[in-house]
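Predicted, not measured: the structure shown is a model, and the values here were computed from it. The figures here come from the full heavy-atom set of this structure, side chains too, leaving out hydrogens, waters and symmetry mates.
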Amino acid sequence: MPVLRRVGERFAKARALDGLTVACCLHVTAETASLVQALRAGGAEVALCAANPLSTQDEVAAALDAEDGIEVHAARGADLRAYAEGIAAVAARAPAIALDDG
């Protein structure tokens, strides 16, 4: 995570992602939070959904969702319907960049 922190600092200066929407379908963990925050520092609007509801850390999801410019659709143990709705919500943002762990 120290590397992502440095990348975030560089992104904050360059703002190379200004105006872009980045969709992420990843495990919602502290490590993912570092990546999402680095993307946000670069100017991206970020939409995040869970790649696996069983690995979602709810406290991480809530903290990210509270940050400006980060939209989170993830809850630990979400049923199939809620999981699919989260993916659909992120895809509906028409992202310029999509990150998926699959």
Side-chain angles (χ1 to χ4, degrees):
M1 292 196 291
V3 171
L4 278 174
R5 202 172 355 239
R6 279 189 257 163
V7 168
E9 291 167 2
R10 289 178 61 188
F11 274 15
K13 290 177 186 171
R15 301 291 293 184
L17 301 174
D18 267 341
L20 296 179
T21 298
V22 177
C24 302
C25 185
L26 303 167
H27 294 274
V28 181
T29 63
E31 294 82 4
T32 297
S34 293
L35 172 61
V36 168
Q37 290 167 328
L39 295 169
R40 184 67 192 116
E45 293 292 318
V46 180
L48 171 66
C49 63
N52 181 344
L54 298 177
S55 67
T56 296
Q57 296 172 349
D58 285 335
E59 65 280 4
V60 172
L64 287 172
D65 199 42
E67 290 188 31
D68 186 41
I70 301 174
E71 174 185 326
V72 180
H73 300 274
R76 182 168 184 79
D79 63 21
L80 185 57
R81 181 180 175 150
Y83 172 65
E85 287 173 352
I87 293 170
V90 169
R93 296 287 308 273
I97 299 169
L99 301 175
D100 180 82
D101 74 345

> Run through V90, L64, V22 and flag the one making a side chain to side chain contact (heavy atoms under 4.5 Å, CB included) with L48.
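Among the candidates, only L64 passes.
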> Tell me the closest heavy-atom pair linking A51 and D101, and the distance in Å.
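Reported closest heavy-atom pair: CB-OD1, 3.3 Å.
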> Name every donor-acceptor pair, under 3.5 Å, that has one atom in a side chain of residues 31-39 and the other anywhere in the protein, sequence neighbours excluded.
residue, atom, partner, partner atom, Å
E31, OE1, T29, OG1, 3.0
T32, OG1, H27, O, 2.4
Q37, NE2, E67, OE2, 2.8

> Between A41 and G8, which heavy-atom pair has the shortest distance, and what is it?
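So the minimum-distance heavy-atom pair works out to CB-O, 3.5 Å.
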> Is the number of heavy atoms from other residues, nucleotides or ligands under 6.0 Å of R15 CZ greater than 12?
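Atom CZ in R15 is crowded, with more than 12 foreign heavy atoms closer than 6.0 Å.
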> According to salt bridge (charged side-chain N to carboxylate O under 4.0 Å, His left out), who are the partners of R93, at least two apart in sequence or on a separate chain?
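Listed in chain order: E71.
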> Is there a side-chain contact between D68 and R40, using heavy atoms and a 4.5 Å cut-off?
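A side-chain contact exists here, since the closest heavy-atom pair is under 4.5 Å.
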> Would you say L17 ends up clustered with V3 if hydrophobic residues are merged whenever their side chains have heavy atoms under 4.5 Å apart, either directly or through other cluster members?
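Same cluster.
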> Any heavy-atom pair between the side chains of E9 and K13 that's under 4.5 Å?
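K13 vs E9: side chains apart.
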> For C25 and A50, which heavy atoms make the closest approach, and how far apart are they?
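Residues C25 and A50, closest heavy atoms: SG-O, 3.8 Å.
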> Quick one: pull up CG in L26 and CG in N52 and give me the separation to the nearest 0.5 Å.
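Going from the CG atom of L26 to the CG atom of N52 covers 12.0 Å.
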> Report yes or no: does Y83 contribute a side-chain atom to a donor-acceptor pair with the main-chain N or O of A74 at less than 3.5 Å?
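No, Y83 side chain to A74 backbone: no donor-acceptor pair under 3.5 Å.
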> Hey, any chance I87 and V28 share a hydrophobic cluster, counting ILVMFWY side chains that come within less than 4.5 Å of each other, even indirectly?
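Different clusters: I87 never reaches V28 through Ile, Leu, Val, Met, Phe, Trp or Tyr contacts under 4.5 Å.
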> OG1/T56 to NE2/H73 distance, rounded to the nearest 0.5 angstrom?
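So the OG1 of T56 and the NE2 of H73 are separated by 13.0 Å.
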> Using 0.5 Å steps for rounding, measure from the CG atom of L99 to the SG atom of C24.
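Result: 4.5 Å between the selected atoms.
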